[in-house]
> 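Could you have a look at this structure, given as structure tokens, before my questions?
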Number of protein chains: 2
Amino acid sequence: MPSLPCPAYQVLRLLTGKWKPAILFHLREQTLRFGDLRRCLPEVSQKVLTAQLKELESDGVIIRTLYPDVPPRVEYCLSPLGVALIPLLQQMHDFALNHVDLLAGQGPVSSEPAATSG
Amino acid sequence: MPSLPCPAYQVLRLLTGKWKPAILFHLREQTLRFGDLRRCLPEVSQKVLTAQLKELESDGVIIRTLYPDVPPRVEYCLSPLGVALIPLLQQMHDFALNHVDLLAGQGPVSSEPAATSG
DNA sequence: CGGCATCCCAAGCGATACTG
DNA sequence: CAGTATCGCTTGGGATGCCG
């Protein structure tokens, strides 16, 4: 089997997912229901959102609560592990802001050649 | 297009790769050549190692230096961005160690049912 | 409202063989 | 010693449509 590459990788796995950081940030201070998250992340299809949520729940990062009400309602909130991960996420967020210059090659961000020196 | 989910995701992308954290840790204090890294990571095929290294280099996390010697020699070291990422990696590593209990479901770690209370 | 099923495409990871 | 090319499998992400 895949053995384990590095302890840090285990933590990385928890966060690895295109929308997981965003989801976790939205859940940072408040419990949200599925519909709320969809509103927060309009770019994400519900299939993908559900998948990310399921992974997060499966990994013990968030907690899913199903209410037997009608119409059905589901709420998501951070688990202890999830809250513990927030500082880490926050640092990545901060890092991105502080090193935005160095990250200027990760995506289709620049439509202009970024004037090399004037 | 894929828009961008979250600033933290940009940073996550840099580290996302099964062997990247391990590679970065090995490069933490010393420059290593390809062969050295292979020795450090015997579980990784050279094709995959090369790929991870190329991504890391492409993302500006590490620097690849080719020496025109014979036999050919290539050395890898952290870039400024790479060294800046080390603390983050270190925290993930530390996190993994401190929350190892909560991570007990992420992989084929336990061969035993984790004695429930005895 | 929330979720599942299906279909599709792209990326990641892995093993092997070959090259300079 | 270091890297490339090929092939195949598994995962992840995305769009649509149907169900409770």
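Here the structure is a predicted model, which is why all the values come from computation and not from measurement. Order of the sequence lines fixes the chain letters, A, B, ..., with proteins taken first and strands second; residue numbering starts at 1 for each chain.
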> Please name all residues satisfying salt bridge (charged side-chain N to carboxylate O under 4.0 Å, His left out) with A/Glu75, sequence neighbours left out, ordered by chain then number.
A/Arg73
> With sequence neighbours left out, what residues match A/Glu55 under salt bridge (charged side-chain N to carboxylate O under 4.0 Å, His left out)?
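Partners of A/Glu55 by the salt bridge (charged side-chain N to carboxylate O under 4.0 Å, His left out) criterion, ordered by chain and then number, come out as A/Lys20.
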> Using five base pairs at each end to define the local axes, how bent is the helix from C/dC1-D/dG20 to C/dG20-D/dC1, to the nearest 10°?
40°
> Reckon B/Tyr76 touches a base, only the sugar-phosphate, or nothing at all at heavy-atom distances under 4.0 Å?
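Counting heavy atoms under 4.0 Å across all strands, the contact made by B/Tyr76 is with sugar-phosphate only.
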> For B/Ala51, which residues count as a side chain to side chain contact (heavy atoms under 4.5 Å, CB included) partner, sequence neighbours excluded?
none
> With the threshold set at under 4.0 Å for non-hydrogen atoms, list the residues of residues 31-39 of chain B touching DNA chain D in residue-number order.
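Heavy-atom contacts with DNA chain D come from B/Arg33, B/Phe34, B/Gly35.
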> Rounded to whole angstroms, how far apart are CG on A/Asp59 and P on D/dT11?
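For the pair A/Asp59 CG and D/dT11 P, the rounded distance is 14 Å.
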> Can you tell me if A/Arg64 touches the phosphate of C/dG2, counting only side-chain N or O atoms and a distance under 4.0 Å to OP1 or OP2?
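No, A/Arg64 has no side-chain N/O under 4.0 Å of OP1/OP2 on C/dG2.
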> To the nearest Å, give me how far apart CG (A/Leu66) and C1' (C/dC4) are.
15 Å
> Quickly work out the B/Leu41 CG to D/dA2 C1' distance and round it to whole Å.
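Rounded to the whole Å, the gap is 16 Å.
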> Rounded to the nearest 0.5 Å, how far apart are CH2 of A/Trp19 and SG of A/Cys40?
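Reported value, rounded in 0.5 Å steps: 12.5 Å.
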> What does the list of N/O pairs under 3.5 Å between the protein and nucleotides 18-20 of chain D look like, with a distance for each?
none

> Distance check, rounded to the nearest 0.5 Å: B/Leu24 atom CG versus B/Ile86 atom CD1?
5.0 Å
> Of all the choices, D/dC1, D/dA15, C/dC4, which nucleotide is nearest to the side chain of B/Pro71 once you look at every atom?
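Nearest listed nucleotide: D/dC1.
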> Using atom CG of A/Leu56 as one end and atom P of D/dG13 as the other, report the distance to the nearest whole Å.
11 Å
> For every nucleotide of nucleotides 7-13 of chain C, 5' to 3': is a protein heavy atom under 4.0 Å from its base (B), only from its sugar-phosphate (S), or from neither (-)?
------B
> Any side chain to side chain donor-acceptor pair (under 3.5 Å) involving residues 28-42 of chain B? Give me the pairs, sequence neighbours left out, ordered by first then second residue.
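For residues 28-42 of chain B, and leaving out neighbouring residues, the side chain to side chain donor-acceptor pair (under 3.5 Å) pairs sorted by first residue read B/Arg28-B/Gln90.
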> Tell me which pairs pass ring pair (Phe, Tyr, Trp, His ring centres under 6.0 Å) where either residue lies in residues 42-75 of chain A, with sequence neighbours left out.
none
> Looking at CZ of B/Arg13 and CE of A/Met92, how far apart are the two atoms once the value is rounded to the nearest 0.5 Å?
14.0 Å
> Would you please name every residue forming a ring pair (Phe, Tyr, Trp, His ring centres under 6.0 Å) with B/His93, sequence neighbours left out?
B/Phe25
> Under the salt bridge (charged side-chain N to carboxylate O under 4.0 Å, His left out) definition, can you give me all pairs with a residue in residues 77-91 of chain A, not counting sequence neighbours?
none
> Just the rounded figure in Å: distance from C1' of D/dG12 to CG of A/Leu14.
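Result: 17 Å.
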> Carefully, step by step, assess A/Gln91 and B/Leu88 under the rule side chain to side chain contact (heavy atoms under 4.5 Å, CB included).
CA-CA 8 Å; A/Gln91 287 179 63; B/Leu88 222 39; 3.8 Å; yes
> Send over the distance from B/Glu75 CD to D/dG3 C1', rounded to a whole Å.
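Value for this atom pair: 17 Å.
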> Atom CZ of B/Arg73 and atom P of D/dA2: how far apart are they, to the nearest Å?
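B/Arg73 atom CZ is separated from D/dA2 atom P by 9 Å.
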> I need the B/Ser79 OG to B/Arg64 CZ distance, nearest 0.5 Å.
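B/Ser79 OG to B/Arg64 CZ: 15.0 Å, rounded to 0.5 Å.
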> How many whole angstroms separate atom NZ of A/Lys54 from atom P of C/dG3?
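Those two atoms, NZ and P, are 9 Å apart.
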> Who passes side chain to side chain contact (heavy atoms under 4.5 Å, CB included) against B/Leu53, sequence neighbours left out?
B/Ile23, B/Phe34, B/Leu37, B/Leu49, B/Ile62, B/Tyr76
> Quick one: CG on B/Leu56 to CG on B/Leu14, what's the gap to the nearest 0.5 Å?
8.0 Å
